Visitor: 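Structure provided below as structure tokens; questions to follow.
Computed from a predicted model, the values in this text were never measured in an experiment.
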Amino acid sequence: MDRLISTSQLKEDLDQTFKLIVKDYHQKVYWQVRRMVLIHEDADDITQNVFIKIYQNLSSFKNQSKLSTWIFRITYNETINFIHKNAKENNISFEDYSMNVADNLSSDEYFTGDEIEQKLQKAIASLPEKQRLVFMMKYYEELKYEQISDILGTSVGALKASYHHAVSKIKEILEFDD
């Protein structure tokens, strides 16, 4: 009987924890995903998948990293898997898939940006995958290099170089468009 009570109490505690995570992280996760896939419907679906993964794995979270890092790692993995899967289904590269989505951004009824925002999104989409991810995490999420290193499993030095190259390429693209 004690085992049954402790198991049900554990489930209740996990459910409560999960509700708090959803409350605290839903918007952050959605926007991290949305900046990577650009399309609202895709971001919504991926966000739902992220929270399913979080719920399924919450009991195995070991506090070896910050909760936010763990959540952003799951978000990153789910989003990258989605992009790679769709690129493969369309028989194109990650970068080509991203460019196609950016090129069609103005037709997305949920896109509220102006022409400058659309140019920025196209410039970001043109970056190689790693530079793009580092740029978005640093610029939009305002994550520290150490946090990005934990999420991507890359050294801080390599991340700084990737960010620098990304910023240079974006500047070059935006200046060329003017």
Side-chain angles (χ1 to χ4, degrees), residues 21-22 25-58 60-61 65 68-113 117-141 143 145 147-156 158-170 172-174 176-177:
I21 289 171
V22 171
Y25 286 94
H26 187 272
Q27 287 296 318
K28 293 174 188 172
V29 166
Y30 171 82
W31 283 107
Q32 179 185 352
V33 172
R34 177 75 186 268
R35 287 184 191 104
M36 291 171 68
V37 299
L38 300 177
I39 299 171
H40 165 73
E41 288 85 2
D42 292 342
D44 222 21
D45 291 346
I46 296 166
T47 299
Q48 183 175 346
N49 291 341
V50 166
F51 283 103
I52 289 169
K53 283 261 168 81
I54 290 170
Y55 184 78
Q56 290 172 336
N57 294 291
L58 190 56
S60 63
F61 177 67
S65 64
S68 60
T69 300
W70 183 70
I71 290 169
F72 284 126
R73 179 75 181 168
I74 293 170
T75 303
Y76 160 76
N77 286 336
E78 284 297 305
T79 307
I80 292 303
N81 289 341
F82 173 87
I83 295 170
H84 281 290
K85 178 180 166 244
N86 281 294
K88 186 176 181 181
E89 286 174 2
N90 289 297
N91 219 14
I92 56 178
S93 70
F94 178 96
E95 288 79 10
D96 287 343
Y97 177 81
S98 297
M99 281 304 295
N100 290 345
V101 172
D103 285 340
N104 295 312
L105 192 55
S106 61
S107 64
D108 180 358
E109 66 181 288
Y110 294 100
F111 178 68
T112 58
E117 178 66 22
Q118 192 166 2
K119 284 181 181 179
L120 175 61
Q121 291 306 321
K122 285 182 182 181
I124 294 169
S126 73
L127 296 172
E129 179 179 344
K130 185 170 182 178
Q131 288 178 14
R132 180 177 175 211
L133 296 172
V134 172
F135 177 81
M136 289 191 303
M137 289 180 183
K138 186 77 178 141
Y139 182 78
Y140 287 116
E141 306 300 330
L143 297 177
Y145 286 114
Q147 291 172 288
I148 300 170
S149 174
D150 289 343
I151 293 167
L152 298 180
T154 306
S155 74
V156 170
L159 294 172
K160 287 180 179 180
S162 290
Y163 183 75
H164 173 76
H165 290 303
V167 169
S168 296
K169 287 179 184 176
I170 290 170
E172 184 180 310
I173 291 167
L174 293 178
F176 183 72
D177 270 357

Visitor: Would you compute the distance between atom CD1 of Ile170 and atom CD1 of Ile124 and round it to the nearest 0.5 angstrom?
Guide: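 That separation rounds to 5.0 Å.
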Visitor: How about Tyr139: does its OH atom have over 12 heavy atoms from other parts shown lying under 6.0 Å from it?
Guide: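 12 or below, so no.
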Visitor: List the steps, then state whether salt bridge (charged side-chain N to carboxylate O under 4.0 Å, His left out) holds for Arg132 with Glu95.
Guide: CA-CA 10 Å; Arg132 180 177 175 211; Glu95 288 79 10; over 6 Å; no
Visitor: Could you list the donor-acceptor pairs under 3.5 angstrom formed by side chains in residues 46-53, with sequence neighbours left out?
Guide:
residue : atom : partner : partner atom : Å
Thr47   : OG1  : Ala43   : O            : 2.7
Lys53   : NZ   : Glu78   : OE2          : 2.5

Visitor: Are the side chain of Asp44 and the backbone of His40 linked by a donor-acceptor contact shorter than 3.5 Å?
Guide: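 Judged by distance alone, no pair lies under 3.5 Å.
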Visitor: With heavy-atom distances below 4.5 Å as the criterion, would you say the side chains of Glu129 and Ser98 are in contact?
Guide: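 When only atoms from C-beta onward are counted, Ser98 and Glu129 do not touch, as no gap falls below 4.5 Å.
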Visitor: Do Ile74 and Trp70 have side chains that approach each other closer than 4.5 Å (heavy atoms only, starting at C-beta)?
Guide: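 They are in contact (side-chain heavy atoms under 4.5 Å apart), so the answer is yes.
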Visitor: Would you indicate whether the side-chain heavy atoms of Asp42 and Asn86 approach each other to under 4.5 Å?
Guide: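 No, every pair of side-chain atoms sits at 4.5 Å or beyond.
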Visitor: Apply side chain to side chain contact (heavy atoms under 4.5 Å, CB included) to Tyr163 and Val167, showing your working.
Guide: CA-CA 6 Å; Tyr163 183 75; Val167 169; 3.6 Å; yes
Visitor: Hey, what do you get for CD (Gln131) to CG (Leu133), rounding to the nearest 0.5 Å?
Guide: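 Output value for this atom pair is 10.5 Å.
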Visitor: Start with the C-alpha distance between Tyr76 and Gln32, add both sets of side-chain angles, then the distance that settles side chain to side chain contact (heavy atoms under 4.5 Å, CB included), and finish with yes or no.
Guide: CA-CA 8 Å; Tyr76 160 76; Gln32 179 185 352; 4.2 Å; yes
Visitor: Just verifying a value: how many Å separate Lys122 NZ and Ile173 CD1, rounded to the nearest 0.5 Å?
Guide: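 If I round to the nearest 0.5 Å, the distance is 11.5 Å.
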Visitor: Determine whether Phe94 and Ile80 make a side-chain contact, defined as any pair of heavy atoms from C-beta on separated by less than 4.5 Å.
Guide: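 A side-chain contact under 4.5 Å exists here.
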Visitor: Grab the two heavy atoms, one from Ser93 and one from Ala87, that are nearest each other, plus how far apart they are.
Guide: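 So the minimum-distance heavy-atom pair works out to O-CB, 3.7 Å.
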Visitor: Taking all non-hydrogen atoms of both residues into account, name the closest pair between Arg35 and Leu38 and its distance.
Guide: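 The answer is O-CD2, 3.7 Å.
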Visitor: Measure the CG-CG distance between Asn90 and Asn100 for me, rounded to the nearest 0.5 Å.
Guide: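 CG of Asn100 is found 8.0 Å from CG of Asn90.
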Visitor: Could you go step by step and tell me if Phe72 and Lys28 meet the side chain to side chain contact (heavy atoms under 4.5 Å, CB included) rule?
Guide: CA-CA 9 Å; Phe72 284 126; Lys28 293 174 188 172; 4.2 Å; yes
Visitor: Have a look at Gln121 and tell me which of Gln118, Glu117, Lys119 forms a side chain to side chain donor-acceptor pair (under 3.5 Å) with it.
Guide: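 The passing option is Glu117.
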Visitor: What I'd like to find out is whether the side chain of Thr154 reaches to under 4.5 Å of the side chain of Tyr145, using heavy atoms alone.
Guide: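 No, too far: nothing below the 4.5 Å cut-off.
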Visitor: I want to check something: taking the side chain as every heavy atom from C-beta on, are Met137 and Leu159 in contact at a cut-off of under 4.5 Å?
Guide: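 When only atoms from C-beta onward are counted, Leu159 and Met137 do not touch, as no gap falls below 4.5 Å.
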Visitor: Quick one: sort the Tyr140 and Phe135 rings into parallel, tilted or perpendicular, breaks at 30° and 60°.
Guide: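 If you compare the ring of Tyr140 with that of Phe135, the planes turn out perpendicular.
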Visitor: Is any side-chain heavy atom of Leu127 closer than 4.5 Å to one of His165?
Guide: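 The answer is no, as the side chains (C-beta and beyond) never meet within the 4.5 Å cut-off.
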Visitor: Would you compute the distance between atom CG of Asn77 and atom CG of Asn81 and round it to the nearest 0.5 angstrom?
Guide: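 Those atoms lie 6.0 Å apart.
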Visitor: Can you measure from CE (Met99) to CG (Asp103) and round to the nearest 0.5 angstrom?
Guide: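 These two atoms lie 4.5 Å from each other.
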Visitor: Step by step, work out the side chain to side chain contact (heavy atoms under 4.5 Å, CB included) result for Val37 and Val101.
Guide: CA-CA 8 Å; Val37 299; Val101 172; over 6 Å; no
